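The block underneath contains the structure these notes are about, expressed in structure tokens.
None of the values given here were measured: they were computed from a predicted structure. Scope of the values below: all heavy atoms of this structure, side chains included, with no hydrogens, waters or symmetry mates.
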Amino acid sequence: MRDAAFRMIRLARQEGCVVIVSSSDSTDHYHEYLEKGADFILLGEGEQTLLELINGIRDGREDISALQGLAFLQNKLPVKSPARIVMKDLDSLPLPAWDLVEMETTGICGWPKTVIFPST
């Protein structure tokens, strides 16, 4: 699975995408994912870190080193920020906005079909 993730990183980079990876494997082996071209690795639970990172990218913030739970390259060296405290109140997270995901039905049961990249 890691090789598949590395392949997806390479393809996304070729398209000019900012690559953010979040999985238990990338948390444990963040340096390898960064070497393969990922821009950012969300370490551990990534919901809050992803929100802060996306807002920082959108706002043009150059210093993301203050964000907790993140690994990235700085001067070509892997940097790992302090761990984020584990979220205890999962009910505080908003429900997924499934209305924003284009889904087409397929198959004999009419199950929704979309592309999901599982974590490794």
Side-chain donor-acceptor pairs under 3.5 Å in residues 68-78, sequence neighbours left out?
none

Decide yes or no for Ile54 and Ile20: does some side-chain heavy atom of the first lie under 4.5 Å from some side-chain heavy atom of the second? yes
Quick one: list whatever passes ring pair (Phe, Tyr, Trp, His ring centres under 6.0 Å) with Phe6, sequence neighbours left out. Tyr33
Hphob cluster co-occupancy, Leu34 + Leu43, side-chain heavy atoms under 4.5 angstrom: yes
Taking only residues two or more places apart in sequence, or in another chain, which ones meet Arg13 in a side chain to side chain contact (heavy atoms under 4.5 Å, CB included)? Ile9, Val19, Asp39
Any donor and acceptor pair, going by atom type alone, linking the side chain of Ser81 with main-chain N or O of Leu67 inside 3.5 Å? yes
Using side chain to side chain donor-acceptor pair (under 3.5 Å) as the criterion, list what pairs up with Arg10, not counting sequence neighbours. none
Nearest 0.5 angstrom please: Leu42 CG to Gln48 CD, how far? 11.5 Å
Is atom CD of Glu15 surrounded by more than 12 heavy atoms (other residues, nucleotides or ligands) closer than 6.0 Å? no
Report yes or no: do Leu51 and Met87 belong to one cluster of Ile/Leu/Val/Met/Phe/Trp/Tyr joined by side chain heavy-atom distances under 4.5 Å? no
Going through the distances and angles, do Thr49 and Glu52 end up as a side-chain contact (heavy atoms from CB on, under 4.5 Å)? CA-CA 5 Å; Thr49 304; Glu52 293 174 8; 5.7 Å; no
Test side chain to side chain donor-acceptor pair (under 3.5 Å) applied to Asn55 - qualifying residues, sequence neighbours left out: Arg58
Kindly write out the residues that satisfy side chain to side chain donor-acceptor pair (under 3.5 Å) with Ser65, not counting sequence neighbours, or none if the list is empty. Asp63
Could you state the interatomic distance from OG1 (Thr27) to NZ (Lys80), rounded to the nearest 0.5 Å? 8.5 Å
Linking I/L/V/M/F/W/Y whenever any side-chain heavy atoms sit under 4.5 Å apart, do Val79 and Val18 land together? yes
So how far is it from Ile41 CD1 to Asp28 CG, rounded to the nearest 0.5 Å? 11.5 Å
Tell me if a side-chain donor or acceptor on Glu47 pairs with a main-chain N or O of Leu93 at a distance below 3.5 Å. no
Which atom names give the shortest non-hydrogen contact between Gly44 and Ser22, and what distance separates them? O-OG, 4.5 Å
